[in-house]
Structures are given as C-alpha cells and as structure tokens.
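Let me begin by presenting the structure, written as structure tokens, before commenting on it.
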Amino acid sequence: SESERDKDEL
Amino acid sequence: MNIFRLLGDLSHLLAVIILLLKIWKTRSCAGISGRSQILFAAVYTARYLDLVTSYISAYNTVMKIVFLVASYGTLYLMFLKFKATYDHNHDTFRIEFLVLPCVILALLINHDFSALEILWTFSIYLESVAILPQLFMVSKTGEAESITSHYLFALGTYRGLYLFNWIYRYYAEDHYDLIAIIAGIVQTVLYCDFFYLYITKVLKGKKLQLPA
C-alpha cells in the first residue's frame with residue numbers, strides 16, 4: 001500500500 | 001520476489017564482480033573513480049545497518065554482506081593495494097555537492113524521522129547520484145575501457161530492472177514506495193547517455209570513445 005518501504009529490497 | 005527484482009539483483013552482483021575482477025586481473029584501477037566507490041561504500045553502509053537490527057531472509061542477509069564486502073574490498077584495492085594505478089588527476093568531482101544535498105533531503109523527505117529510516121533514505125538518494133564522479137571521469141578522459149563499460153552497463157541496468165519490479169508490484173501487489181521510485185528513475189536516467197554509447201559502440205566491438 002502507499003509509501004511503506006519494503007525491508008526486503010536491497 | 002519477482003523476475004525483475006531477481007534480475008536486478010543479479011545485474012548488481014555482476015557489476016561489482018566485474019569491477020573487482022578487472023582491478024584484480026589487471027592489477028590496476030585506472031579509469032575507475034575512487035570517489036564514486038567511496039560514495040557506494042557510504043550507500044551500502046547507511047542502508048545495510050539493518051543487518052544487525054532485523055532479519056529478513058538468508059538471501060537478503062547474504063546479498064547485503066556481499067555488497068558491503070565487495071564495496072570495501074574495492075576501496076582496499078584502489079586506495080591501498082593498487083594505489084599507484086589510481087588515476088586521481090582525472091577523479092576530481094566534488095562529492096560534497098552530492099552528499100550534503102542528500103543529507104538535507106533525507107532529513108526533509110523520509111518515511112519516518114528515526115535514525116535508521118533517515119540513513120536508509122539518505123542511502124537511496126545518494127545511490128541515485130553516486131555514479132556521477134565516474135561518469136564525469138569518463139567524460140573528462142573522453143573514453144572508457146571495455147571492461148569499465150561492461151561494469152557501468154551492469155550497474156545501470158540494475159536500477160532500471162528495479163523500476164520494472166516496482167511497476168510490477170504496483171499492479172500485482174498494490175505496493176509502491178515513492179522515495180525509492182523517484183530516486184530510481186533519477187538513477188536510471190543518469191545512465192541513459194552512457195547506455196546509448198554502450199549499445200552503439202561497445203556492443204559493436206568498438207571502444208567507448210566520446211566525440212571530441
């Protein structure tokens with residue numbers, strides 16, 4: 001959803 | 001994890017391996033901007049501090065460690081082991097003009113005003129422009145070795161593939177992160193001129209040489 005950062009992306 | 005994300009990570013991995021191998025095999029870091037490499041080390045350090053605070057997956061942990069080790073390994077080769085081959089006369093881009101605006105922007109535009117989040121945001125902004133000293137060096141000397149061109153192509157492709165990952169995720173998962181997306185667009189756009197030269201020259205077996 002809106003603008004939450006994904007901690008899995010490098 | 002979708003195919004664009006995986007290919008993006010692999011492209012990123014390929015880039016750092018090409019760079020390390022180039023320096024190691026030729027025993028020289030000629031044509032490589034130490035200033036860009038310092039910025040990349042700062043990017044990985046600021047972004048991957050969460051290695052010690054949160055565990056995501058084995059893949060995530062291993063990749064973060066590889067990028068950190070490769071980045072500091074590159075700095076070691078450039079500034080210590082093969083220091084004599086470092087072309088500092090052509091590596092003159094003022095990195096404070098990149099770092100300071102990124103610090104200010106990270107303090108102003110972030111997801112959450114906490115130390116780790118601000119460092120993550122700073123790393124995203126800094127990564128988007130970290131290649132500028134390298135591109136400036138290529139433009140200053142007017143050329144780049146083929147292996148340096150392959151490195152730049154793989155490194156530029158990586159964030160371009162992340163853009164496709166984010167487009168996919170927007171439609172498939174209703175997920176988007178404007179900070180990462182806008183910085184990713186800036187980062188990819190900076191490579192466009194280089195991509196054009198790479199495709200029209202390097203892939204046809206010619207050396208990357210800028211018009212006089």
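In what follows, chains carry the letters A, B, and so on, assigned in the order in which the sequence lines appear, proteins first and then strands, with residues in each chain numbered from 1. If you're wondering where the values come from, they're calculated on a predicted model, not measured in any experiment. What you see below is based on every heavy atom in this structure, not just the backbone, and it leaves out hydrogens, waters and symmetry mates.
The one candidate from B:Arg169, B:Lys64, B:Arg5 that meets the salt bridge (charged side-chain N to carboxylate O under 4.0 Å, His left out) condition with A:Glu9 is B:Arg169.
Within a 6.0 Å radius of CZ in B:Phe164, no more than 12 heavy atoms belonging to other residues, nucleotides or ligands are found. Shown here is B:Tyr168, whose OH atom has no more than 12 heavy atoms of other residues, nucleotides or ligands within 6.0 Å. For OH of B:Tyr170, the number of neighbouring non-hydrogen atoms (other residues, nucleotides, ligands) closer than 6.0 Å is 12 at most.
No part of B:Tyr55 comes within reach of chain A, as not one of its non-hydrogen atoms sits under 4.5 angstrom from that chain. Interface residue B:Asp9: only side-chain heavy atoms are found under 4.5 Å from chain A. Looking at B:Asn165, the atoms closer than 4.5 Å to chain A (heavy atoms on both sides) all sit in the side chain, from C-beta outward.
Top candidate by heavy-atom pairs under 4.5 Å with chain A, chosen from B:Tyr48, B:Trp120, B:Tyr162, B:Phe67, is B:Trp120.
Side-chain contact between A:Arg5 and B:Ile124: absent, with no pair of heavy atoms (C-beta onward) separated by less than 4.5 Å. Proximity of B:Tyr44 to A:Leu10: side-chain heavy atoms (C-beta onward) are nowhere separated by under 4.5 Å.
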